[in-house]
Amino acid sequence: MYIHHLLSENSVANTFISELRNVEVQKDQMRFRRNIERVGEILSYELSKKLSYQPQTITTPLGESTLQTIKNELVICSILRAGLPLHQGLLNYFDKAENSFISAYRHHPNNDDEFEIKVEYLASPSLEDKTLILADPMLATGRSFVNVFKALKDVGQPKEIHLVAVIGAEEGIQLLEKEFPEHTHLWIATIDPHLNDKGYIVPGLGDAGDLCYGSKMQH
């Protein structure tokens, strides 16, 4: 797996990540969603450098110009519900991409800290021979990415896979390296050292879905 770590170099993304983590700024749900979206835009720009290009001749008011434009057939798939603002950030840059949505949530069958990842909803075009961009802000255990990828196999085999996350833990990244094809790209803004006993990223930022859209009933 190719790992592209955005905060390995300083950029304006540092500001957006610092606000996403900040418990005071988190009180503003609209700003939290927008910061997820902005990080998605930056990751899109970086990801675009690894896509395939082809020449296209454009007619201008004064002549013609030949530019290199994206050749890939892109499908952006976000994991509901926290993936929605990240999806929008990606779509802002890859506005001609097809779109896919899939649900994944933590199910606690014994009402304790143990959980399994449930995948129940999928709406997607064919992925056959296309470039899949699979997006989820939080890469904790990595099991959501893995289970979703398995579910997507029913809609075709992509020729390229790009995973996009805002914050991840080392443990989750290690799982992805084992479970995804060798030439998969992971685009991630920042990497934290570990998970707590409930499977949340530390220091992380909390529950991204709740911070985007409000708290939910547990099930």
Side-chain angles (χ1 to χ4, degrees), residues 1-4 33 36-37 39-56 58 67-107 116-166 168 172-173 175-189 208-209 212-213:
M1 178 177 286
Y2 305 103
I3 300 173
H4 309 273
R33 292 193 302 270
I36 293 282
E37 184 179 340
V39 172
E41 291 171 344
I42 295 172
L43 290 171
S44 297
Y45 173 74
E46 295 298 327
L47 187 161
S48 72
K49 298 175 184 179
K50 295 297 182 181
L51 298 177
S52 299
Y53 286 78
Q54 61 188 1
Q56 181 177 1
I58 306 297
L67 302 169
Q68 295 292 322
T69 56
I70 293 172
K71 182 179 180 180
N72 305 63
E73 292 184 84
L74 302 174
V75 180
I76 303 169
C77 179
S78 62
I79 301 177
L80 301 174
R81 60 186 170 145
L84 289 174
L86 184 57
H87 187 108
Q88 187 60 53
L90 293 161
L91 194 59
N92 288 346
Y93 275 40
F94 303 125
D95 50 281
K96 294 181 180 179
E98 294 182 278
N99 297 273
S100 175
F101 300 92
I102 191 166
S103 69
Y105 66 91
R106 295 184 176 195
H107 175 59
E116 58 189 21
I117 301 296
K118 289 271 193 176
V119 176
E120 293 184 343
Y121 172 84
L122 171 62
S124 179
S126 171
L127 301 180
E128 194 67 32
D129 291 326
K130 296 178 182 176
T131 298
L132 171 64
I133 302 176
L134 182 55
D136 192 1
M138 308 300 287
L139 198 179
T141 65
R143 285 152 56 187
S144 290
F145 273 105
V146 170
N147 287 15
V148 162
F149 182 58
K150 290 177 180 177
L152 288 173
K153 290 182 178 179
D154 291 339
V155 290
Q157 180 64 45
K159 65 179 179 181
E160 293 181 28
I161 302 169
H162 296 267
L163 309 178
V164 177
V166 176
I173 293 173
L175 179 65
L176 299 192
E177 289 182 297
K178 294 177 183 177
E179 298 291 337
F180 276 81
E182 180 182 358
H183 297 295
T184 299
H185 289 263
L186 171 63
W187 303 88
I188 189 164
C212 283
Y213 300 112

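Residues take their numbers from the sequence shown, with the count starting at 1.
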Exercise. Partners of Arg33 by salt bridge (Lys or Arg N to Asp or Glu O under 4.0 Å), sequence neighbours excluded?
Worked result: none
For this session: Sequence neighbours left out, what pairs pass ring-ring contact (aromatic ring centres under 6.0 Å, His included) with at least one residue falling in residues 79-102?
Result: His87-Phe101
Exercise. From Leu90 CG over to Asn99 CG, what is the distance, rounded to the nearest 0.5 angstrom?
Worked result: 10.0 Å
For this session: Evaluate the side-chain contact (heavy atoms from CB on, under 4.5 Å) criterion for residues Lys71 and Leu51: first the C-alpha distance (whole Å), next the side-chain angles of each, then the deciding distance (0.1 Å), finally the verdict.
Result: CA-CA 8 Å; Lys71 182 179 180 180; Leu51 298 177; over 6 Å; no
Exercise. Ala189 and Val39: which non-hydrogen atoms are nearest, and at how many Å?
Worked result: CB-CG1, 3.8 Å
Exercise. Any side-chain heavy-atom pair from Leu186 and Leu139 closer than 4.5 angstrom?
Worked result: yes
Got a list of side-chain donor-acceptor pairs under 3.5 Å for residues 150-159, not counting sequence neighbours?
none

Exercise. Would you call Cys77 and Ile102 a side-chain contact if the rule is heavy atoms closer than 4.5 Å?
Worked result: yes
For this session: Any chance you could measure Thr69, atom OG1, to Gln56, atom CD, to the nearest 0.5 Å?
Result: 4.0 Å
Exercise. To the nearest 0.5 Å, what is the distance between CG (Leu163) and CD1 (Ile188)?
Worked result: 9.5 Å
Seminar exercise, completed: dist Leu176:CG -> Leu134:CG (nearest 0.5 Å) comes out at 9.5 Å
For this session: Mind jotting down which residue pairs meet the salt bridge (Lys or Arg N to Asp or Glu O under 4.0 Å) criterion with at least one end in residues 128-140? Sequence neighbours excluded, please.
Result: Glu98-Lys130
Exercise. Who pairs with Glu41 by salt bridge (Lys or Arg N to Asp or Glu O under 4.0 Å), at least two apart in sequence or on another chain?
Worked result: Arg34
Exercise. Who are the side chain to side chain contact (heavy atoms under 4.5 Å, CB included) partners of Glu182, not counting sequence neighbours?
Worked result: none
For this session: Evaluate the side-chain proximity of Ile133 to Leu74: yes if any heavy-atom separation is below 4.5 Å, no if none is.
Result: yes
Exercise. Any side-chain heavy atom of Glu177 within less than 4.5 Å of one from Ile3?
Worked result: yes
Exercise. How far does CD1 of Ile79 sit from CG of Leu86, to the nearest 0.5 angstrom?
Worked result: 10.0 Å
Problem set entry | With sequence neighbours excluded, residues passing side chain to side chain donor-acceptor pair (under 3.5 Å) with Ser126 | none
For this session: Check salt bridge (Lys or Arg N to Asp or Glu O under 4.0 Å) between Glu179 and all other residues, then give those that pass, not counting sequence neighbours.
Result: none
Seminar exercise, completed: Taken to the nearest 0.5 Å, the spacing of Ile161 CD1 from Leu132 CG works out to 6.0 Å
Exercise. If only atom types and distance count, is the side chain of Asn72 paired as donor or acceptor with the main-chain N or O of Ser52 below 3.5 Å?
Worked result: yes
Exercise. With no hydrogens and no angle check, is any side-chain donor or acceptor of Ser78 less than 3.5 Å from a backbone partner on Ala135?
Worked result: no
Seminar exercise, completed: Hits for ring-ring contact (aromatic ring centres under 6.0 Å, His included) against Phe149, two or more places apart or cross-chain, chain-then-number order -> Phe180
Problem set entry | Whether Ser103 side chain and Leu80 backbone form a donor-acceptor pair below 3.5 Å | no
Exercise. Does Ser124 have any side chain to side chain donor-acceptor pair (under 3.5 Å) partners at least two apart in sequence or in another chain, and if so, which?
Worked result: Ser100
For this session: Would you indicate whether the side-chain heavy atoms of Cys212 and Arg81 approach each other to under 4.5 Å?
Result: no
For this session: Sequence neighbours left out, what passes side chain to side chain contact (heavy atoms under 4.5 Å, CB included) with Tyr2? Give chain and number order.
Result: His4, His183, His185
Exercise. Who passes salt bridge (Lys or Arg N to Asp or Glu O under 4.0 Å) against Lys49, sequence neighbours left out?
Worked result: Glu46
